[in-house]
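A, B, ... follow the sequence lines: proteins, then strands. Residue 1 opens every chain. All values below were derived from every heavy atom in this structure, side-chain atoms included, with hydrogens, water molecules and symmetry-related copies excluded.
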Protein chains: 2
Amino acid sequence: MKNIQQGFNFALSIDCVVFGFDGTALKILLIERNEDPFKDWWALPGNRVNVDESVDQSASRILKELTGLSDVYMEQFYTFGELKRHPQGRVVSVAYYAMLRLSGEKPLKPLTTFARNAQWVNVNQVPELAFDHQYILEKGLEKIKRRVRHLPLVFELLPEKFTLTQVQNVYELILNKKLDKRNFRKKILSFKVLKELDEKQRGVSFRAATLYKFDKRKYNKLYGKEISF
Amino acid sequence: MKNIQQGFNFALSIDCVVFGFDGTALKILLIERNEDPFKDWWALPGNRVNVDESVDQSASRILKELTGLSDVYMEQFYTFGELKRHPQGRVVSVAYYAMLRLSGEKPLKPLTTFARNAQWVNVNQVPELAFDHQYILEKGLEKIKRRVRHLPLVFELLPEKFTLTQVQNVYELILNKKLDKRNFRKKILSFKVLKELDEKQRGVSFRAATLYKFDKRKYNKLYGKEISF
DNA sequence: ATATAACGTGTATTTTTTACACTAAGTAAT
DNA sequence: ATTACTTAGTGTAAAAAATACACGTTATAT
């Protein structure tokens, strides 16, 4: 029982800022807490890290338990270690952002009882949140605004096949500004990582757009890890 | 004694990647450990976080204890939470990078006994390090390579008054590539945050260069927080 | 057939980035 | 004082990237 030694008296938690795109709006995932502290409050999905799992593993597990979602793109972005952030003691929280394609078929089912409910809410219609989660959310948003310019994160938010207009919409929502259509297309295509498909959108009123796929292999080959969108 | 509850069995530590510039080379600070585990090994300056201090406070305290240095520019960059990274139990480490002007006058005096010695070593002549510190160092280096392009970090490494050639040298060392002198000057001056002084270098053989100061007020006013060096 | 709404495209202008080499100024040695 | 040496300091032309801007095309719905 090594951990009984002095100094082993912190709790570690994970909090996730989970972004989703439903074709129209940028959403984040919130849970409704079913336990104290902050019972009945909305909060970022999060929980304690177990002592026998790595922090990255823990993040995946926690997201899965609270939402039923697995294989989600996640990345650590900051650790929140202020003194009074948790009323039950010294809890330091490692925050992750996550991104996923939001298709109607994926129901959100918390696999644990401490969250009674999980729900997508529009990024700019977030209610008051438990703990310092408001702050963590803001930092997460700032972070992806920057990261989205250097990493092909937006494709995590889009379905496998997407139109260029959808890509542009996601960028506009994240960066929170309008982009010029022609210039945007010129630029995104200039990276040569989108594969034009022999296929059009289906089920839309009005003219259907061409579908594209993100070519991950080509991206890795061309850019290693970084780029400038 | 809230922290006796289940879950409060992590230790938290801070590790610092401290960069210094001595006018010629980019250095990082290492300590020689005087205690187990890894007694006699070189390591990044770091130690346990106390339960009654914030993570940021802890980082400053620890750096001060190990080196005698205070008021150093520090920023958190990643949290290392793998399972087996510490032989004595579950220790999760929050890593910071730090930057400071390395002038001869500042002697390094560890104020604690667990480090027997603190020393600046050239970034590309680092010996084998304790724990996962090699890895943390690499990540720290990657991080500042990116951050230095968006934040005026280099001025933390330089003396208050510096020449443009010195600025260029620091950028070249961090980015690890040669820059064109005329283009560099054009660009750095175009930001309008360097104030040309009525003063020249002293004590150099050969022609003395004009000294400049970084105008922090102007930087904040013009750019808020970000820029693209 | 017609109205509708989003699709998809090109060019000219401005701005930014890159490439490139010599003279000026101060120090040190003779 | 002359000379040799070393770093400081400067401009321009070409290429590349970013920006501004508008209309004919196409599939759908009525």
Side-chain angles (χ1 to χ4, degrees), chain A residues 21-25 145-146 148-150 158-159 161-173 175-213 222-223 226-229, chain B residues 21-25 145-146 148-150 158-159 161-173 175-213 222-223 226-229:
Chain A
F21 177 65
D22 64 0
T24 311
K145 272 190 197 184
R146 241 167 273 148
V148 95
R149 304 178 67 96
H150 300 289
L158 288 163
K161 299 171 181 184
F162 47 79
T163 69
L164 294 183
T165 300
Q166 288 172 330
V167 183
Q168 183 176 345
N169 286 341
V170 175
Y171 271 102
E172 288 181 343
L173 284 164
L175 300 176
N176 200 23
K177 68 174 177 193
K178 278 270 164 229
L179 302 171
D180 178 84
K181 187 173 174 179
R182 278 174 292 188
N183 293 338
F184 179 81
R185 286 171 178 237
K186 212 184 306 173
K187 181 151 195 182
I188 202 90
L189 291 175
S190 77
F191 294 122
K192 313 253 182 235
V193 295
L194 296 189
K195 189 151 100 196
E196 185 174 345
L197 301 178
D198 243 356
E199 204 181 337
K200 305 248 164 195
Q201 263 179 318
R202 304 192 108 272
V204 288
S205 331
F206 313 117
R207 181 180 180 184
T210 301
L211 293 170
Y212 289 78
K213 261 175 116 164
L222 286 176
Y223 301 101
E226 293 261 332
I227 202 175
S228 272
F229 285 102
Chain B
F21 177 64
D22 64 0
T24 310
K145 272 190 197 183
R146 241 168 273 149
V148 94
R149 303 178 67 95
H150 300 288
L158 289 163
K161 300 171 182 182
F162 48 79
T163 69
L164 295 183
T165 300
Q166 288 172 330
V167 182
Q168 184 177 344
N169 287 340
V170 175
Y171 271 101
E172 289 180 343
L173 284 164
L175 300 177
N176 200 23
K177 67 174 177 192
K178 277 272 163 228
L179 302 172
D180 177 85
K181 186 174 175 177
R182 277 174 293 190
N183 293 338
F184 179 81
R185 285 169 180 236
K186 213 184 305 173
K187 182 151 197 184
I188 202 90
L189 291 175
S190 76
F191 295 121
K192 312 251 183 237
V193 294
L194 296 189
K195 190 152 98 196
E196 183 173 347
L197 302 178
D198 243 356
E199 204 180 336
K200 306 247 163 194
Q201 262 178 320
R202 305 193 107 273
V204 288
S205 329
F206 313 117
R207 180 176 180 185
T210 301
L211 292 170
Y212 289 78
K213 263 174 113 164
L222 286 176
Y223 301 101
E226 294 260 335
I227 202 175
S228 272
F229 285 102

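- Every residue two or more places apart in sequence or in another chain that forms a ring pair (Phe, Tyr, Trp, His ring centres under 6.0 Å) with A:F162 is listed here: A:F155.
- Residues satisfying the ring pair (Phe, Tyr, Trp, His ring centres under 6.0 Å) criterion with A:Y212, sequence neighbours excluded, are absent altogether.
- For residues 186-211 of chain A, the set of pairs meeting the ring pair (Phe, Tyr, Trp, His ring centres under 6.0 Å) definition, not counting sequence neighbours, comprises A:F191-A:F229.
- The CD-P distance, from A:Q201 to C:dA6, rounds to 11 Å in whole Å.
- The CZ-C1' distance, from B:F162 to D:dA8, rounds to 16 Å in whole Å.
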Expected string for nucleotides 25-30 of chain D under the B/S/- scheme (protein heavy atoms, under 4.0 Å, primed atoms plus P, OP1, OP2 as sugar-phosphate) is BBBS--
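- Within the structure, side-chain hydrogen bond (donor to acceptor under 3.5 Å, both in side chains) contacts touching residues 190-199 of chain A (residues at least two apart or in different chains) are A:K161-A:E199.
- Within the 4.0 Å cut-off from OP1 or OP2 of D:dT7, not a single side-chain nitrogen or oxygen of B:T165 is found.
- For the residue pair B:Q201 and B:V204, the shortest heavy atom distance occurs at NE2-CG1, 3.9 Å.
- Taking the side-chain contact (heavy atoms from CB on, under 4.5 Å) definition, one finds that B:K177 meets it with B:L175, B:L179, sequence neighbours left out.
- Listed by chain and residue number, A:T24, A:A25, A:K27, A:L102 satisfy the side-chain contact (heavy atoms from CB on, under 4.5 Å) test with A:D22 (two or more places apart in sequence, or in another chain).
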Under the rule of Watson-Crick or G-U wobble with both distances under 3.5 Å, where | means paired to another strand and [ ] a crossing pair, DNA chain C maps to ||||||||||||||||||||||||||||||
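- For the segment residues 177-197 of chain A, residues with any heavy atom less than 4.0 angstrom from an atom of DNA chain D are, sorted by number, A:D180, A:R182, A:N183, A:K186, A:K187.
- By the side-chain hydrogen bond (donor to acceptor under 3.5 Å, both in side chains) test, A:K181 is found to be paired with no residue, residues two or more places apart in sequence or in another chain being considered.
- Every side-chain contact (heavy atoms from CB on, under 4.5 Å) that A:K200 has, sequence neighbours left out, goes to A:A208, A:T210.
- In this structure, A:T210 reaches the sugar-phosphate backbone alone: every heavy-atom distance under 4.0 Å involves primed, P, OP1 or OP2 atoms, never a base.
- For A:S205, the side-chain contact (heavy atoms from CB on, under 4.5 Å) test picks out no residue, with sequence neighbours left out.
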